[in-house]
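Comments concern the structure below.
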There are 2 protein chains.
Amino acid sequence: MQVKSNIWFEVDGRVVLSRWRIRLLQAIEQTGSISKAADLMDVPYRRAWEKIHESEVRLGFKLVETQVGGVGGGGARLTAACIDLIQKYDTIVKGLGAVLLQRFEDTFDT
Amino acid sequence: MQVKSNIWFEVDGRVVLSRWRIRLLQAIEQTGSISKAADLMDVPYRRAWEKIHESEVRLGFKLVETQVGGVGGGGARLTAACIDLIQKYDTIVKGLGAVLLQRFEDTFDT
DNA sequence: AATCGCTATGATTATAACACATAACGAGTG
DNA sequence: CACTCGTTATGTGTTATAATCATAGCGATT
């Protein structure tokens, strides 16, 4: 048996940022494209794009600046607002996982 | 925007205990029946029973001792192992929500 | 103008949630 | 002893949700 956790942000009761979405955004930052990020996350492009779009609509601002066509077919990069949000998420979540795991082990004597 | 969290236990990658399931079990403890607990949780009996059964199979021991027929048609009560698990879950989760909220407010200056 | 791979989105399929329905049970009651 | 009653347990069909497949359009570079 193991303990798991998730921490996410909501707007009007709908998810706008979760651990998975954070990883996806970071993958976009690394690869420079939604498509490559989707491959990295092992999900179809469709799903990656949809989740980002969903978050953007709910938040009311863009997380990803995309370019269609051009060299390499196009690409994507994170907006400043997105980078700021990721940073805030990391700050809030940092260390909590470790605390949780420690408590779990203490409680179950592993 | 608000922060949300969930903490759950897994066995072989499958959920065996979550906040929702804890509440369900506690409702069974209070009411003495899965049926009444389901009403309290505002879900059909079918679902309540299924989730409990699922958890029991995955854990390999019973969470709820049921009696079918008899006075009042039957009933249900938590096993000692179940009560122990609930207590462990509460111990682990206790206070984490408050810490999370505090961090959220500090980070977003609310 | 031809290319390339990426964005964007429509259409389809698979999966999970939900609601409905019903059999079996057994302590108490008349 | 036949009957009642509310509960457990489970089958079945339907609906909603999520994942997958497929394809059009773009534009800097060659």
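Convention: sequence-line order gives letters A, B, ...; per-chain numbering from 1. All values reported here derive from a predicted model rather than from experimental measurement. Computed from heavy atoms alone, side chains included, the values below leave out hydrogens, waters and symmetry copies.
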Nearest 0.5 Å, what's the SG-CG distance between A/C82 and A/L59?
-> 9.5 Å
Point-to-point distance, once rounded to the nearest 0.5 Å, from CD1 of A/I28 to CG of A/L78 | 6.5 Å
For the residue pair A/S55 and A/L63, what are the closest heavy atoms and their distance?
-> CB-CD1, 3.8 Å
Residues in residues 31-49 of chain A with a heavy atom under 4.0 Å of DNA chain C, by number, are A/S33, A/I34, A/S35, A/K36, A/Y45, A/R46, A/W49
Honestly curious: do B/V93 and B/L85 fall in one hydrophobic cluster under the side-chain, below-4.5 Å linking rule?
-> yes
Within residues 77-84 of chain B: residues closer than 4.0 Å to DNA chain D (heavy atoms) = none
A/W49 and A/H53 aromatic ring geometry - parallel, tilted or perpendicular at 30°/60° bounds = parallel
Given D/dA9, is OP1 or OP2 found less than 4.0 Å from the side-chain N or O atoms of B/T66?
-> yes
Is the charged tip of B/R47 near the ring of B/W20: under 6.0 Å from the six-membered ring centre and within 45° of its axis?
-> yes
Check against side-chain contact (heavy atoms from CB on, under 4.5 Å), B/I83 and B/Q87 | CA-CA 6 Å; B/I83 291 169; B/Q87 215 254 305; 5.6 Å; no
If you draw a 6.0 Å radius around CZ in B/R23, do more than 12 non-hydrogen atoms from other residues or ligands fall strictly inside?
-> yes
Any stem touching DNA chain C, meaning at least three consecutive Watson-Crick or G-U pairs under 3.5 Å, ordered by first number, would be C:1-30 with D:1-30
